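Notes to accompany the following structure.
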Amino acid sequence: MSDTMTEGVIASWLVKVGDKVSSGDVLAEVETDKATMELESYNDGTLLYIGPKKGEAVPIDAVIAIIGKEGEDISGLLNEAGGSAQPAAPAKTEAPKEEKKEEAKPAAAKQEAPAAKTSVDTSNIKASVIRMPKMSDTMTEGVLVSWLKKVGDKVKSGDVLAEVETDKATMELESYEDGTLLYTGVNAGDAVAIDAIIAIIGEEGADYKALLEGDASDNKGTADKQERQENAQTDEAIEAGVDAITSDKVETTAVPAQGAATEGATTEGGRVKASPLAKKLAKEKGINLAQVKGSGEGGRIVLRDIENYKPGAAPAPQAAAAPAAKPAAAPATIPGASGEEYEEVAVSQMRKVIARRLAESKFSAPHFYLTMEIDMDKAMEARASINEVSPVKVSFNDLVIKAAAAALRQHPAVNSSWLGDKIRYNKHINIGVAVAVEEGLLVPVVRNADYKSLSTIAAEVKDLGGKAKSKKLQPSDWEGNTFTISNLGMFGIEEFTAIINPPDACIMAVGAIKQTPVVKNGNIQIGNVMKVTLSCDHRVVDGAVGSAFLQTFKNLLENPVRILV
């Protein structure tokens with residue numbers, strides 16, 4: 001599905017074994033190295049076999065499904081597939097299922113060994129497992145922010161089941177099945193590893209526990225399941241981080257133990273436990289969560305507790321706790337007088353990935369830096385003229401993107417990536433534009449920037465920036481960058497260095513335009529100067545190559561008409 005693809009990840013199956021399919025029907029969604037794409041059927045018939053599960057990576061040319069006539073013997077095809085592309089596939093063929101169909105029920109109660117085999121036969125259970133999908137190329141786990149459906153609810157294909165926070169955005173998890181929500185295995189705020197079971201949908205009364213038991217004894221083994229649970233429950237602070245992010249506030253935790261805190265408060269390690277929706281509503285109504293008694297699991301404050309809260313009930317428990325609370329509260333009223341309070345915020349999914357990827361970049365790629373001053377007088381004049389006719393307001397950053405794209409076309413060595421045993425020289429120029437969001441940094445991509453007009457680039461950057469801040473970016477919006485620009489000029493930063501954004505070989509840091517004395521034709525004049533610093537991966541780009549690129553970039557901005565030629 002792409003020129004660089006070596007394997008694909010089954011993001012989701014849109015059909016199941018036994019379904020009738022026609023040519024053109026979408027069978028599954030497949031995540032490649034660049035995007036999530038639809039896999040269409042080229043045949044009419046019945047879906048007789050599905051090999052890889054949702055979330056599994058599959059090499060190119062491996063057998064993933066078989067379509068034919070209903071009841072057709074496919075054992076020969078499965079044997080061929082097992083001998084070439086997918087050796088593990090025969091272990092899950094229909095033959096073992098047929099052998100165990102009649103004795104599946106008695107065998108399950110007898111011994112563990114047959115249970116591992118019979119667990120594969122779930123054909124009689126009219127229910128489907130929902131697993132945590134991989135929603136971005138760098139995602140290893142997701143935080144289930146909130147459930148929008150509860151056990152017992154009727155759901156249809158396309159309904160939103162939950163909101164999931166990935167390392168890049170908060171996204172909606174849709175159902176691909178019609179039925180009843182029989183089981184939810186994850187609480188709001190929990191971190192869940194990729195491919196872990198989070199819910200089961202099926203016919204009301206279906207034996208979903210057999211599906212859970214089958215998953216526990218699947219070919220991944222007990223060790224993998226334990227590792228998945230450990231990843232999903234790494235730290236209680238994950239939940240604290242999600243709460244802090246979704247409620248748009250940071251909670252202050254006092255170091256001294258305060259066992260005599262307000263009677264209504266439900267705390268765990270000094271932190272009030274409340275659902276994201278409850279916190280949001282409490283903030284809107286100005287309700288102190290410490291005065292609310294939680295009715296949820298483990299005393300957790302849920303939405304109904306905030307809706308039913310009566311302020312008049314607060315004074316009684318508050319008065320009872322007053323003697324113990326006064327000594328601790330007094331120092332807090334004096335700014336800077338107490339060193340006993342601090343703020344702790346759990347690391348968000350986005351911040352985790354930023355830390356890991358940039359640490360890998362900084363310590364694995366040998367960075368070197370090239371700084372150059374650019375006379376922006378003509379660029380300022382050109383921008384003013386352009387905005388007189390442009391349907392969209394063009395910013396200096398848009399000019400920088402266009403000039404960088406034009407310079408990259410002349411210096412393809414800078415538009416490259418280090419792949420370990422080879423260097424990739426990209427033919428397309430996709431500029432990543434760093435955008436600051438509340439939890440960190442996102443890099444949406446302007447594709448084929450060298451072929452786009454300034455007004456098109458301006459409109460696209462504005463749209464992508466808005467999506468980034470509202471967490472509506474899709475994987476196709478942030479994948480595939482070949483060069484990155486980080487601009488802090490709007491914050492008044494004159495000069496800085498940036499860490500390379502993998503897999504790019506370079507990143508350009510852009511500072512503010514500053515009025516400064518310059519020498520022109522032997523005379524000192526006031527000029528508008530902008531500094532840029534190019535961070536280069538020395539494994540790919542040498543000093544002379546980076547300098548030549550910057551020289552071209554400088555010439556383009558100092559004579560903007562060249563950008564348009």
Side-chain angles (χ1 to χ4, degrees), residues 137-138 168 350 353-374 396-419 423-426 428-437 440-447 449-450 457 461 464-465 468 477-491 493-512 530-543 545-554 556-557:
D137 54 334
T138 55
K168 290 187 169 69
M350 183 185 298
V353 174
I354 290 173
R356 175 174 56 82
R357 284 173 61 83
L358 294 188
E360 289 174 357
S361 172
K362 182 66 176 175
F363 297 114
S364 63
H367 285 55
F368 74 92
Y369 309 97
L370 302 170
T371 301
M372 182 172 283
E373 290 187 348
I374 300 174
F396 287 111
N397 196 52
D398 301 327
L399 285 169
V400 167
I401 292 170
K402 181 64 177 177
L408 287 170
R409 181 58 65 195
Q410 297 183 44
H411 301 276
V414 178
N415 193 46
S416 57
S417 305
W418 175 262
L419 301 181
I423 297 173
R424 175 184 297 162
Y425 295 100
N426 299 293
H428 49 277
I429 296 174
N430 296 337
I431 306 290
V433 183
V435 177
V437 294
L441 196 69
L442 291 175
V443 186
V445 179
V446 178
R447 303 184 185 280
D450 53 327
I457 290 174
V461 169
L464 291 171
D477 294 326
W478 66 64
E479 294 174 348
N481 53 287
T482 61
F483 184 86
T484 304
I485 293 173
S486 180
N487 191 340
L488 294 179
M490 65 283 293
F491 299 107
I493 303 300
E494 296 177 14
E495 181 182 359
F496 70 103
T497 58
I499 300 174
I500 295 169
N501 178 35
D504 298 353
C506 295
I507 183 172
M508 187 161 62
V510 181
M530 180 179 74
K531 288 185 178 180
V532 297
T533 299
L534 186 69
S535 303
C536 305
D537 184 346
H538 217 322
R539 298 172 300 181
V540 185
V541 177
D542 296 325
V545 174
S547 299
F549 165 79
L550 275 185
Q551 189 64 49
T552 301
F553 176 74
K554 173 184 171 75
L556 288 169
L557 277 183

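Keep in mind that what you see is a predicted model, and the values were worked out from it rather than measured.
How far SG of Cys506 is from CG of Leu370: 8.5 Å, rounded to the nearest 0.5 Å. To the nearest 0.5 Å, the span separating CD on Gln551 from CD on Gln410 amounts to 11.5 Å. Note: Met490 CE to Leu488 CG = 7.5 Å, rounded to the nearest 0.5 Å. Atoms CG and CG, on Asp450 and Asn430 in that order, are 9.0 Å from each other to the nearest 0.5 Å. We find the CD1-CE distance between Ile374 and Met372 to be 7.5 Å, quoted to the nearest 0.5 Å.
Side-chain atoms of His367 and Thr497, non-hydrogen and from C-beta on, never get closer than 4.5 Å to each other. Counting heavy atoms from C-beta on, the side chains of Phe483 and Met508 come closer than 4.5 Å. The closest side-chain heavy-atom distance from Leu464 to Val435 is not below 4.5 Å. For the pair Ile507 and Ile499, the minimum side-chain heavy-atom distance is 4.5 Å or more. The side-chain heavy atoms of Phe396 and Leu399, taken from C-beta on, include a pair separated by under 4.5 Å. With a 4.5 Å cut-off on side-chain heavy atoms, Tyr369 and Leu534 do not count as touching. Here the side chains of Val443 and Trp478 are not in contact, with every heavy-atom distance at 4.5 Å or above.
Ring to ring, Phe496 and Phe491 are not that close: their centroids are 6.0 angstrom or more apart.
For the residue pair Val541 and Ala505, the shortest heavy atom distance occurs at CG2-CB, 4.1 Å. Considering every non-hydrogen atom in both Ala413 and Val540, the closest pair reads O-CG1, 4.2 Å.
Under the rule for a side-chain hydrogen bond (donor to acceptor under 3.5 Å, both in side chains), Ser364 has no partner lying at least two apart in sequence or in another chain. Under the rule for a salt bridge (charged side-chain N to carboxylate O under 4.0 Å, His left out), the partners of Asp537 that lie at least two apart in sequence or sit in another chain are Arg539. Residues forming a salt bridge (charged side-chain N to carboxylate O under 4.0 Å, His left out) with Lys554 (at least two apart in sequence, or on another chain): Glu558. Listed by chain and number, the residues in a side-chain hydrogen bond (donor to acceptor under 3.5 Å, both in side chains) with Tyr425 amount to none (sequence neighbours excluded). In terms of the side chain to side chain contact (heavy atoms under 4.5 Å, CB included) criterion, residue partners of Asn397 (sequence neighbours excluded) are, by chain and number, Ser395, Ile401, Val433, Ile485, Asn487. Checked against side-chain hydrogen bond (donor to acceptor under 3.5 Å, both in side chains), Asn426 has no partners two or more places apart in sequence or in another chain.
Looking at Thr482, its side chain never comes within 3.5 Å of a backbone N or O of Asn415 through a donor-acceptor pair. The closest donor-acceptor contact from the side chain of Thr552 to the backbone of Ala548 lies under 3.5 Å.
Atom CD of Glu494 has 12 or fewer neighbouring heavy atoms from other residues, nucleotides or ligands inside a 6.0 Å radius.
For the side chain to side chain contact (heavy atoms under 4.5 Å, CB included) with Val400, the qualifying choice from Ile431, Ile457, Val532, Val510 is Val510, the only one to do so.
Taking the six-membered ring where tryptophan is involved, the planes of Phe549 and His411 are perpendicular, since the angle between them exceeds 60° and thus also 30°.
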